[in-house]
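Worksheet: one structure, shown below.
Both ligands and their constituent atoms are indexed starting at 1 by order of listing.
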Amino acid sequence: MDSDSVFGNVVRAPEDPILGVTVAYNKDTSPNKLNLGVGAYRTEEGKPLVLNVVRRAEQMLVNDLSRVKEYLPIVGLAEFNKLSAKLILGAESPAIQEKRVTTVQCLSGTGSLRVGGEFLSRHYHQLTIFIPSPTWGNHPKVFTLAGLSVKTYRYYDPATRGLDFHGLLEDLGAATEGSIVLLHACAHNPTGVDPTPDQWEQIRQLIRSKALLPFFDSAYQGFASGSLDADAQSVRMFVADGGECLIAQSYAKNMGLYGERVGALSIVCKTADVASRVESQLKLVIRPMYSNPPIHGASIVATILKDRDMYNEWTIELKAMADRIITMRQQLFDALSARGTPGDWSHIIKQIGMFTFTGLNSKQVAFMTKDYHIYMTSDGRISMAGLSSKTVPHLADAIHAAVARFG
Ligand code: PLA
(Lines give C-alpha, C1' and ligand atoms only; values in the text may rest on other atoms or scores of the structure.)
Protein backbone atom coordinates (compact mmCIF):
# COMPACT_ATOMS: atom_id res chain seq x y z
CA MET A 1 0.00 0.00 0.00
CA ASP A 2 1.10 3.55 -0.80
CA SER A 3 0.56 4.69 2.73
CA ASP A 4 3.22 2.22 3.93
CA SER A 5 5.89 4.07 1.97
CA VAL A 6 7.80 6.93 3.52
CA PHE A 7 7.40 8.48 0.05
CA GLY A 8 3.67 7.78 -0.08
CA ASN A 9 2.82 11.47 -0.26
CA VAL A 10 5.14 12.27 -3.16
CA VAL A 11 3.11 13.96 -5.86
CA ARG A 12 3.68 12.91 -9.46
CA ALA A 13 5.56 15.67 -11.30
CA PRO A 14 4.65 16.67 -14.83
CA GLU A 15 6.99 15.69 -17.66
CA ASP A 16 9.47 18.31 -18.83
CA PRO A 17 7.82 20.58 -21.45
CA ILE A 18 10.59 19.81 -23.99
CA LEU A 19 12.12 16.44 -23.09
CA GLY A 20 8.65 15.12 -22.20
CA VAL A 21 7.70 15.50 -25.87
CA THR A 22 10.25 12.79 -26.70
CA VAL A 23 8.81 10.56 -23.98
CA ALA A 24 5.36 10.84 -25.59
CA TYR A 25 6.83 10.36 -29.08
CA ASN A 26 8.60 7.16 -28.03
CA LYS A 27 5.28 5.69 -26.88
CA ASP A 28 3.54 6.37 -30.23
CA THR A 29 3.41 3.31 -32.49
CA SER A 30 2.43 5.12 -35.71
CA PRO A 31 4.92 4.63 -38.60
CA ASN A 32 4.36 8.28 -39.60
CA LYS A 33 5.29 9.76 -36.24
CA LEU A 34 7.60 12.75 -36.30
CA ASN A 35 9.49 14.29 -33.40
CA LEU A 36 9.96 18.03 -33.85
CA GLY A 37 10.13 18.69 -30.11
CA VAL A 38 13.67 18.65 -28.77
CA GLY A 39 16.30 20.46 -30.81
CA ALA A 40 18.27 17.51 -32.10
CA TYR A 41 19.72 17.42 -35.61
CA ARG A 42 18.54 14.66 -37.93
CA THR A 43 19.75 13.71 -41.40
CA GLU A 44 17.58 13.69 -44.52
CA GLU A 45 16.88 10.06 -43.58
CA GLY A 46 15.63 11.19 -40.18
CA LYS A 47 18.59 9.63 -38.35
CA PRO A 48 20.76 11.15 -35.61
CA LEU A 49 24.12 12.28 -36.97
CA VAL A 50 27.58 11.66 -35.57
CA LEU A 51 29.94 13.99 -37.43
CA ASN A 52 32.73 12.30 -39.40
CA VAL A 53 35.28 14.47 -37.73
CA VAL A 54 33.97 13.38 -34.33
CA ARG A 55 34.29 9.69 -35.32
CA ARG A 56 37.82 10.40 -36.47
CA ALA A 57 38.75 12.15 -33.22
CA GLU A 58 37.28 9.30 -31.19
CA GLN A 59 39.32 6.74 -33.16
CA MET A 60 42.48 8.71 -32.46
CA LEU A 61 41.65 8.86 -28.77
CA VAL A 62 40.97 5.12 -28.58
CA ASN A 63 44.18 4.29 -30.43
CA ASP A 64 46.30 6.47 -28.18
CA LEU A 65 47.34 4.02 -25.47
CA SER A 66 49.05 6.73 -23.46
CA ARG A 67 45.63 8.07 -22.56
CA VAL A 68 44.33 7.20 -19.11
CA LYS A 69 41.09 7.66 -17.18
CA GLU A 70 42.36 9.69 -14.25
CA TYR A 71 40.25 12.51 -12.80
CA LEU A 72 40.45 15.81 -14.60
CA PRO A 73 41.17 18.90 -12.50
CA ILE A 74 38.08 20.59 -10.99
CA VAL A 75 38.06 23.12 -13.85
CA GLY A 76 38.37 20.40 -16.49
CA LEU A 77 40.75 19.87 -19.39
CA ALA A 78 43.08 22.89 -19.65
CA GLU A 79 43.55 22.60 -23.40
CA PHE A 80 39.79 22.36 -23.97
CA ASN A 81 39.20 25.48 -21.87
CA LYS A 82 41.77 27.52 -23.77
CA LEU A 83 40.44 26.44 -27.15
CA SER A 84 36.81 27.07 -26.12
CA ALA A 85 37.59 30.65 -25.09
CA LYS A 86 39.34 31.18 -28.43
CA LEU A 87 36.39 29.74 -30.32
CA ILE A 88 33.86 32.12 -28.83
CA LEU A 89 36.02 35.23 -28.35
CA GLY A 90 38.19 34.91 -31.46
CA ALA A 91 41.79 33.75 -31.83
CA GLU A 92 43.15 37.29 -31.54
CA SER A 93 41.03 38.36 -28.57
CA PRO A 94 42.92 40.91 -26.43
CA ALA A 95 40.96 39.75 -23.37
CA ILE A 96 42.51 36.28 -23.76
CA GLN A 97 45.98 37.69 -24.39
CA GLU A 98 45.67 39.84 -21.28
CA LYS A 99 44.64 36.70 -19.32
CA ARG A 100 41.43 38.40 -18.20
CA VAL A 101 39.29 35.38 -19.09
CA THR A 102 38.77 32.37 -16.89
CA THR A 103 37.21 29.32 -18.54
CA VAL A 104 36.00 26.19 -16.79
CA GLN A 105 34.73 23.02 -18.44
CA CYS A 106 31.14 22.30 -17.43
CA LEU A 107 28.34 19.85 -18.18
CA SER A 108 27.26 21.24 -21.54
CA GLY A 109 25.32 24.49 -21.82
CA THR A 110 22.98 23.74 -18.94
CA GLY A 111 25.81 23.00 -16.50
CA SER A 112 27.68 26.13 -17.58
CA LEU A 113 24.61 28.27 -16.92
CA ARG A 114 24.10 26.64 -13.55
CA VAL A 115 27.71 27.05 -12.40
CA GLY A 116 27.71 30.66 -13.63
CA GLY A 117 24.42 31.30 -11.83
CA GLU A 118 25.68 29.88 -8.54
CA PHE A 119 28.90 31.83 -8.74
CA LEU A 120 26.90 35.03 -9.23
CA SER A 121 24.53 34.27 -6.38
CA ARG A 122 27.51 33.85 -4.04
CA HIS A 123 29.77 36.67 -5.21
CA TYR A 124 27.87 39.27 -7.19
CA HIS A 125 26.15 42.22 -5.55
CA GLN A 126 22.88 41.96 -7.55
CA LEU A 127 20.78 38.82 -7.39
CA THR A 128 18.25 39.68 -10.08
CA ILE A 129 18.64 38.16 -13.53
CA PHE A 130 16.52 39.38 -16.43
CA ILE A 131 15.69 36.70 -19.01
CA PRO A 132 13.90 37.31 -22.30
CA SER A 133 10.18 36.60 -22.68
CA PRO A 134 9.88 33.99 -23.99
CA THR A 135 13.08 32.01 -23.51
CA TRP A 136 14.32 28.43 -23.27
CA GLY A 137 12.04 26.83 -20.66
CA ASN A 138 14.89 25.66 -18.48
CA HIS A 139 16.38 29.14 -17.91
CA PRO A 140 14.06 30.23 -15.08
CA LYS A 141 14.49 26.90 -13.30
CA VAL A 142 18.28 26.86 -13.60
CA PHE A 143 18.71 30.40 -12.31
CA THR A 144 16.13 30.13 -9.53
CA LEU A 145 17.81 27.00 -8.19
CA ALA A 146 21.17 28.74 -8.48
CA GLY A 147 19.86 31.28 -5.97
CA LEU A 148 19.04 34.17 -8.32
CA SER A 149 15.77 35.99 -8.59
CA VAL A 150 14.35 35.80 -12.12
CA LYS A 151 12.57 38.63 -13.91
CA THR A 152 11.75 38.93 -17.60
CA TYR A 153 12.28 41.56 -20.25
CA ARG A 154 10.10 41.92 -23.35
CA TYR A 155 11.69 40.28 -26.36
CA TYR A 156 9.17 38.93 -28.85
CA ASP A 157 6.18 40.65 -30.38
CA PRO A 158 3.59 38.09 -31.54
CA ALA A 159 1.88 40.73 -33.70
CA THR A 160 4.95 41.25 -35.91
CA ARG A 161 6.53 37.86 -35.16
CA GLY A 162 9.68 39.89 -34.69
CA LEU A 163 11.74 41.54 -31.98
CA ASP A 164 9.95 43.84 -29.54
CA PHE A 165 12.96 46.12 -29.60
CA HIS A 166 11.17 49.05 -28.00
CA GLY A 167 9.90 46.84 -25.15
CA LEU A 168 13.34 45.34 -24.67
CA LEU A 169 15.03 48.74 -24.34
CA GLU A 170 12.29 49.96 -22.02
CA ASP A 171 12.51 46.94 -19.70
CA LEU A 172 16.30 46.84 -19.53
CA GLY A 173 16.30 50.62 -19.16
CA ALA A 174 14.06 50.24 -16.09
CA ALA A 175 16.16 47.44 -14.54
CA THR A 176 17.96 48.16 -11.28
CA GLU A 177 21.59 49.07 -11.85
CA GLY A 178 23.86 46.08 -11.85
CA SER A 179 21.16 43.53 -12.68
CA ILE A 180 22.25 40.48 -14.64
CA VAL A 181 20.88 40.15 -18.20
CA LEU A 182 20.65 36.80 -19.95
CA LEU A 183 21.21 37.16 -23.70
CA HIS A 184 20.99 34.45 -26.36
CA ALA A 185 24.22 34.89 -28.33
CA CYS A 186 22.48 33.87 -31.57
CA ALA A 187 19.52 31.83 -32.80
CA HIS A 188 17.21 32.81 -29.96
CA ASN A 189 15.28 29.83 -28.61
CA PRO A 190 12.32 29.46 -29.10
CA THR A 191 11.60 32.46 -31.36
CA GLY A 192 14.39 32.29 -33.97
CA VAL A 193 14.45 36.09 -33.79
CA ASP A 194 17.80 37.83 -33.23
CA PRO A 195 18.59 41.55 -32.94
CA THR A 196 20.33 43.09 -35.97
CA PRO A 197 23.96 44.23 -35.50
CA ASP A 198 22.69 47.81 -35.07
CA GLN A 199 20.20 46.72 -32.43
CA TRP A 200 22.91 44.71 -30.64
CA GLU A 201 25.03 47.85 -30.52
CA GLN A 202 22.18 49.79 -28.91
CA ILE A 203 21.59 46.97 -26.43
CA ARG A 204 25.30 46.99 -25.60
CA GLN A 205 25.32 50.73 -24.98
CA LEU A 206 22.29 50.51 -22.72
CA ILE A 207 23.71 47.56 -20.77
CA ARG A 208 27.05 49.27 -20.25
CA SER A 209 25.53 52.64 -19.37
CA LYS A 210 23.47 51.01 -16.61
CA ALA A 211 26.32 48.72 -15.47
CA LEU A 212 24.13 45.69 -16.13
CA LEU A 213 26.03 42.39 -16.29
CA PRO A 214 25.60 40.42 -19.54
CA PHE A 215 25.40 36.63 -19.30
CA PHE A 216 25.48 35.09 -22.79
CA ASP A 217 23.98 31.71 -23.52
CA SER A 218 25.78 30.43 -26.63
CA ALA A 219 24.15 27.10 -27.41
CA TYR A 220 24.09 27.43 -31.21
CA GLN A 221 27.41 28.93 -32.40
CA GLY A 222 27.69 28.03 -36.09
CA PHE A 223 24.15 26.71 -36.28
CA ALA A 224 22.46 30.03 -37.05
CA SER A 225 24.43 31.24 -40.06
CA GLY A 226 26.75 28.31 -40.69
CA SER A 227 29.68 30.54 -39.66
CA LEU A 228 31.29 30.22 -36.23
CA ASP A 229 32.60 33.78 -36.36
CA ALA A 230 29.38 35.40 -37.52
CA ASP A 231 27.41 33.68 -34.77
CA ALA A 232 29.86 34.95 -32.13
CA GLN A 233 29.59 38.61 -33.15
CA SER A 234 27.22 39.65 -30.38
CA VAL A 235 29.52 38.26 -27.70
CA ARG A 236 32.64 39.73 -29.30
CA MET A 237 31.01 43.16 -29.48
CA PHE A 238 30.56 43.14 -25.69
CA VAL A 239 34.05 41.82 -25.00
CA ALA A 240 35.63 44.39 -27.34
CA ASP A 241 34.47 47.28 -25.15
CA GLY A 242 36.64 46.04 -22.29
CA GLY A 243 33.66 45.35 -20.03
CA GLU A 244 32.91 42.19 -18.09
CA CYS A 245 30.54 39.36 -18.98
CA LEU A 246 29.80 35.66 -18.62
CA ILE A 247 29.44 33.16 -21.47
CA ALA A 248 27.98 29.65 -21.34
CA GLN A 249 29.01 27.54 -24.34
CA SER A 250 27.57 24.23 -25.49
CA TYR A 251 28.98 21.73 -27.98
CA ALA A 252 25.75 19.73 -28.00
CA LYS A 253 24.45 21.11 -31.28
CA ASN A 254 27.43 22.45 -33.21
CA MET A 255 29.50 19.28 -32.72
CA GLY A 256 26.53 16.96 -32.28
CA LEU A 257 27.84 15.95 -28.84
CA TYR A 258 24.45 16.11 -27.11
CA GLY A 259 24.90 13.16 -24.78
CA GLU A 260 28.57 13.82 -24.03
CA ARG A 261 27.57 16.88 -21.98
CA VAL A 262 30.47 19.06 -22.99
CA GLY A 263 30.47 22.82 -22.56
CA ALA A 264 32.32 25.69 -20.97
CA LEU A 265 31.73 28.72 -18.78
CA SER A 266 33.93 31.74 -19.45
CA ILE A 267 33.99 34.81 -17.26
CA VAL A 268 35.63 37.85 -18.83
CA CYS A 269 37.03 40.12 -16.11
CA LYS A 270 38.73 43.51 -15.96
CA THR A 271 42.12 42.20 -14.91
CA ALA A 272 44.10 38.95 -14.83
CA ASP A 273 44.21 39.10 -11.06
CA VAL A 274 40.42 39.30 -10.74
CA ALA A 275 40.06 36.46 -13.27
CA SER A 276 42.29 34.16 -11.26
CA ARG A 277 40.43 34.89 -8.03
CA VAL A 278 37.12 34.30 -9.80
CA GLU A 279 38.44 30.94 -11.01
CA SER A 280 39.43 29.95 -7.49
CA GLN A 281 35.82 30.53 -6.42
CA LEU A 282 34.38 28.68 -9.41
CA LYS A 283 36.26 25.64 -8.13
CA LEU A 284 34.42 25.95 -4.83
CA VAL A 285 31.11 25.96 -6.73
CA ILE A 286 32.02 22.92 -8.82
CA ARG A 287 33.74 20.63 -6.30
CA PRO A 288 30.70 19.93 -4.10
CA MET A 289 28.37 19.81 -7.14
CA TYR A 290 30.03 17.11 -9.28
CA SER A 291 33.67 17.29 -8.24
CA ASN A 292 35.14 17.48 -11.75
CA PRO A 293 33.83 17.09 -15.30
CA PRO A 294 33.96 14.03 -17.58
CA ILE A 295 36.96 13.56 -19.84
CA HIS A 296 35.74 12.00 -23.07
CA GLY A 297 33.66 14.76 -24.71
CA ALA A 298 36.16 17.48 -23.86
CA SER A 299 38.96 15.36 -25.35
CA ILE A 300 37.00 15.02 -28.61
CA VAL A 301 36.47 18.78 -28.79
CA ALA A 302 40.12 19.57 -27.97
CA THR A 303 41.36 17.06 -30.57
CA ILE A 304 39.27 18.76 -33.26
CA LEU A 305 39.87 22.38 -32.28
CA LYS A 306 43.66 22.09 -32.05
CA ASP A 307 44.21 20.43 -35.43
CA ARG A 308 43.85 22.71 -38.46
CA ASP A 309 42.61 19.95 -40.80
CA MET A 310 40.11 18.57 -38.35
CA TYR A 311 38.91 22.07 -37.49
CA ASN A 312 38.31 22.78 -41.18
CA GLU A 313 36.51 19.49 -41.64
CA TRP A 314 34.29 20.39 -38.69
CA THR A 315 33.37 23.80 -40.12
CA ILE A 316 32.34 22.14 -43.40
CA GLU A 317 30.16 19.57 -41.63
CA LEU A 318 28.70 22.30 -39.41
CA LYS A 319 27.84 24.46 -42.41
CA ALA A 320 26.16 21.49 -44.08
CA MET A 321 23.91 21.05 -41.01
CA ALA A 322 23.07 24.77 -40.91
CA ASP A 323 22.36 24.80 -44.66
CA ARG A 324 20.10 21.77 -44.43
CA ILE A 325 18.04 23.52 -41.75
CA ILE A 326 17.77 26.64 -43.93
CA THR A 327 16.63 24.45 -46.86
CA MET A 328 13.93 22.95 -44.63
CA ARG A 329 12.64 26.45 -43.88
CA GLN A 330 12.25 27.17 -47.59
CA GLN A 331 10.63 23.79 -48.28
CA LEU A 332 8.10 24.17 -45.48
CA PHE A 333 7.28 27.72 -46.57
CA ASP A 334 6.84 26.56 -50.19
CA ALA A 335 4.66 23.63 -49.12
CA LEU A 336 2.31 25.92 -47.17
CA SER A 337 2.19 28.40 -50.05
CA ALA A 338 1.32 25.55 -52.44
CA ARG A 339 -1.53 24.51 -50.16
CA GLY A 340 -2.78 28.07 -49.86
CA THR A 341 -2.72 27.79 -46.08
CA PRO A 342 -4.33 30.98 -44.72
CA GLY A 343 -2.00 33.46 -43.03
CA ASP A 344 1.44 34.95 -43.55
CA TRP A 345 4.11 32.25 -43.13
CA SER A 346 7.12 34.31 -44.18
CA HIS A 347 8.48 34.16 -40.61
CA ILE A 348 9.40 30.53 -41.33
CA ILE A 349 12.11 31.71 -43.71
CA LYS A 350 13.00 34.85 -41.76
CA GLN A 351 13.67 33.16 -38.42
CA ILE A 352 17.15 31.92 -37.58
CA GLY A 353 18.61 28.75 -36.13
CA MET A 354 17.22 25.41 -35.15
CA PHE A 355 13.62 26.38 -34.44
CA THR A 356 10.60 27.97 -36.06
CA PHE A 357 8.20 29.68 -33.70
CA THR A 358 5.18 28.95 -35.84
CA GLY A 359 2.50 30.92 -34.04
CA LEU A 360 0.36 27.77 -33.81
CA ASN A 361 -1.53 27.66 -30.53
CA SER A 362 -1.68 24.81 -28.04
CA LYS A 363 -5.02 23.55 -29.40
CA GLN A 364 -3.59 23.34 -32.90
CA VAL A 365 -0.48 21.60 -31.59
CA ALA A 366 -2.57 19.05 -29.68
CA PHE A 367 -4.60 18.38 -32.83
CA MET A 368 -1.46 17.86 -34.94
CA THR A 369 -0.09 15.43 -32.39
CA LYS A 370 -3.34 13.49 -32.09
CA ASP A 371 -4.33 13.32 -35.75
CA TYR A 372 -0.94 13.54 -37.50
CA HIS A 373 1.45 12.07 -34.89
CA ILE A 374 3.59 15.18 -35.07
CA TYR A 375 5.26 15.96 -31.76
CA MET A 376 6.28 19.50 -30.83
CA THR A 377 6.26 21.76 -27.79
CA SER A 378 2.88 23.25 -26.91
CA ASP A 379 4.09 26.82 -27.55
CA GLY A 380 4.12 26.03 -31.29
CA ARG A 381 7.89 25.70 -31.61
CA ILE A 382 9.12 23.18 -34.17
CA SER A 383 12.65 21.88 -34.53
CA MET A 384 13.51 22.45 -38.19
CA ALA A 385 16.52 20.21 -37.69
CA GLY A 386 14.20 17.26 -37.16
CA LEU A 387 12.51 17.76 -40.53
CA SER A 388 13.47 16.29 -43.93
CA SER A 389 12.31 16.66 -47.53
CA LYS A 390 10.28 13.48 -47.03
CA THR A 391 8.45 14.72 -43.95
CA VAL A 392 7.80 18.33 -45.02
CA PRO A 393 4.55 17.43 -46.90
CA HIS A 394 3.18 15.59 -43.86
CA LEU A 395 3.94 18.58 -41.62
CA ALA A 396 2.46 21.03 -44.13
CA ASP A 397 -0.73 18.92 -44.37
CA ALA A 398 -0.97 18.93 -40.57
CA ILE A 399 -0.46 22.69 -40.24
CA HIS A 400 -2.95 23.32 -43.02
CA ALA A 401 -5.57 21.13 -41.33
CA ALA A 402 -4.88 22.65 -37.89
CA VAL A 403 -5.31 26.18 -39.25
CA ALA A 404 -8.49 25.22 -41.10
CA ARG A 405 -9.88 23.58 -37.98
CA PHE A 406 -8.91 26.09 -35.29
CA GLY A 407 -7.94 29.15 -37.37
N1 PLA B 1 20.54 27.06 -23.86
C2 PLA B 1 19.64 27.06 -24.83
C3 PLA B 1 19.14 28.35 -25.38
C4 PLA B 1 19.17 25.83 -25.34
O5 PLA B 1 18.26 25.86 -26.30
C6 PLA B 1 19.65 24.63 -24.81
C7 PLA B 1 19.16 23.31 -25.31
C8 PLA B 1 20.62 24.70 -23.80
C9 PLA B 1 21.05 25.94 -23.35
C10 PLA B 1 21.22 23.51 -23.14
O11 PLA B 1 21.82 22.61 -23.95
P12 PLA B 1 22.86 21.53 -23.43
O13 PLA B 1 22.84 21.55 -21.94
O14 PLA B 1 22.43 20.26 -23.99
O15 PLA B 1 24.16 22.02 -23.96
N16 PLA B 1 17.83 23.26 -25.79
C17 PLA B 1 17.28 22.06 -26.43
C18 PLA B 1 17.37 20.84 -25.55
C19 PLA B 1 18.03 21.76 -27.71
C20 PLA B 1 16.82 20.96 -24.16
O21 PLA B 1 15.74 21.53 -23.95
O22 PLA B 1 17.51 20.47 -23.26
C23 PLA B 1 15.82 22.38 -26.78
O24 PLA B 1 15.16 21.54 -27.39
O25 PLA B 1 15.38 23.51 -26.48
Side-chain angles (χ1 to χ4, degrees), residues 15-25 35-42 48-49 76 80 84 87-88 104-117 129 131-143 145-146 150 152 155-156 181-194 215-224 231 234-235 246-266 289-290 293-294 297-298 300-301 321-322 325 351-358 375-387:
E15 289 285 356
D16 181 80
I18 297 174
L19 301 184
V21 173
T22 303
V23 175
Y25 167 85
N35 188 2
L36 305 177
V38 68
Y41 185 84
R42 296 286 178 266
L49 178 68
F80 164 86
S84 294
L87 183 70
I88 188 70
V104 295
Q105 180 192 334
C106 294
L107 301 187
S108 214
T110 309
S112 306
L113 292 165
R114 177 67 189 262
V115 168
I129 184 165
I131 61 174
S133 173
T135 190
W136 180 47
N138 216 16
H139 278 148
K141 301 172 199 171
V142 166
F143 292 123
L145 282 172
V150 173
T152 60
Y155 188 85
Y156 179 76
V181 182
L182 191 278
L183 299 161
H184 294 227
C186 69
H188 182 273
N189 177 9
T191 66
V193 174
D194 285 349
F215 191 159
F216 283 97
D217 183 353
S218 177
Y220 299 97
Q221 190 184 356
F223 242 76
D231 289 354
S234 59
V235 175
L246 290 82
I247 308 145
Q249 272 171 281
S250 166
Y251 290 96
K253 272 67 75 170
N254 59 12
M255 255 188 220
L257 293 175
Y258 307 88
E260 295 292 353
R261 312 308 295 144
V262 51
L265 171 72
S266 284
M289 202 190 280
Y290 53 82
I300 296 171
V301 172
M321 290 194 285
I325 297 171
Q351 291 173 355
I352 295 159
M354 204 162 204
F355 303 106
T356 290
F357 206 44
T358 58
Y375 289 78
M376 53 197 276
T377 52
S378 61
D379 59 1
R381 185 191 85 168
I382 57 178
S383 170
M384 299 308 283
L387 210 52

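To the nearest 0.5 Å, atom CE of residue Met376 and atom CG of residue Asn35 are 11.5 Å apart.
Looking at Arg381 next to ligand 1, an N or O pair under 3.5 Å apart turns up. Any N or O atom pair closer than 3.5 Å counts here, and Gly39 shares at least one such pair with ligand 1. Considering backbone and side-chain atoms alike, Gly37 places every N or O at 3.5 Å or more from each N or O of ligand 1. Annotation: His184 places no N or O atom under 3.5 Å from an N or O atom of ligand 1; distance criterion only.
Using a 4.5 Å heavy-atom threshold, the side chains of Leu19 and Val38 count as touching. A heavy-atom distance below 4.5 Å is not found between the side chains of Asn254 and Met321. When side chains are defined from C-beta on, Met289 counts as touching Arg114, because their heavy atoms get closer than 4.5 Å.
Looking at Thr356, its side chain never comes within 3.5 Å of a backbone N or O of Ile382 through a donor-acceptor pair. No donor-acceptor distance shorter than 3.5 angstrom exists from the side chain of Asp231 to the backbone of Gln221, with no hydrogens or angles considered.
The closest heavy-atom contact to atom 13 (O) of ligand 1, among the options Leu182, Thr110, Asn138, comes from Thr110. Proximity annotation for atom 22 (O) of ligand 1: of Trp136, Tyr258, Tyr220, Trp136 comes nearest, heavy atoms only.
Protein heavy atom in closest approach to atom 7 (C) of ligand 1: Lys253 NZ, 3.1 Å. Nearest non-hydrogen protein atom to atom 18 (C) of ligand 1 is Val38 CG2, 3.8 Å. From the protein, the heavy atom lying nearest to atom 12 (P) of ligand 1 is Ser108 OG, 3.3 Å. For atom 14 (O) of ligand 1, the nearest non-hydrogen atom of the protein is Arg261 NH1, 2.8 Å.
Taking the six-membered ring for Trp and thresholds of 30 and 60 degrees, Tyr155 and His188 have nearly parallel ring planes, at less than 30 degrees apart. Ring geometry for Phe143 against His139 counts as parallel: the plane angle stays under 30°, on a 0 to 90° scale with 60° as the upper cut.
Near Gly109, meaning under 4.0 Å from one of its heavy atoms, ligand 1 places the atoms 12 (P), 13 (O), 15 (O). Set against the non-hydrogen atoms of Ser250, the atoms of ligand 1 under 4.0 Å away are 12 (P), 15 (O). For ligand 1, the atoms closer than 4.0 angstrom to any heavy atom of Ala252 are 14 (O), 15 (O).
Judged by the shortest distance from any of its heavy atoms, His188 lies outside the 4.0 Å radius around the atoms of ligand 1. Asp217 counts as a contact of ligand 1, since one of its heavy atoms falls under 4.0 Å from the ligand. Distances from ligand 1 to the non-hydrogen atoms of Met354 include no value under 4.0 Å.
Taking every heavy atom of both residues into account, Ala185 and Ser234 meet most closely at O-OG, 2.7 Å. Across every non-hydrogen atom of Ile352 and Ala224, the tightest pair is CG2-CB, 3.4 Å.
Residue contacts with ligand 1, taken as heavy atom pairs separated by less than 4.0 Å, involve Ile18 solely via side-chain atoms from C-beta onward.
Exactly one residue among Tyr220, Phe223, Phe80 makes a ring pair (Phe, Tyr, Trp, His ring centres under 6.0 Å) with Tyr251. That residue is Phe80.
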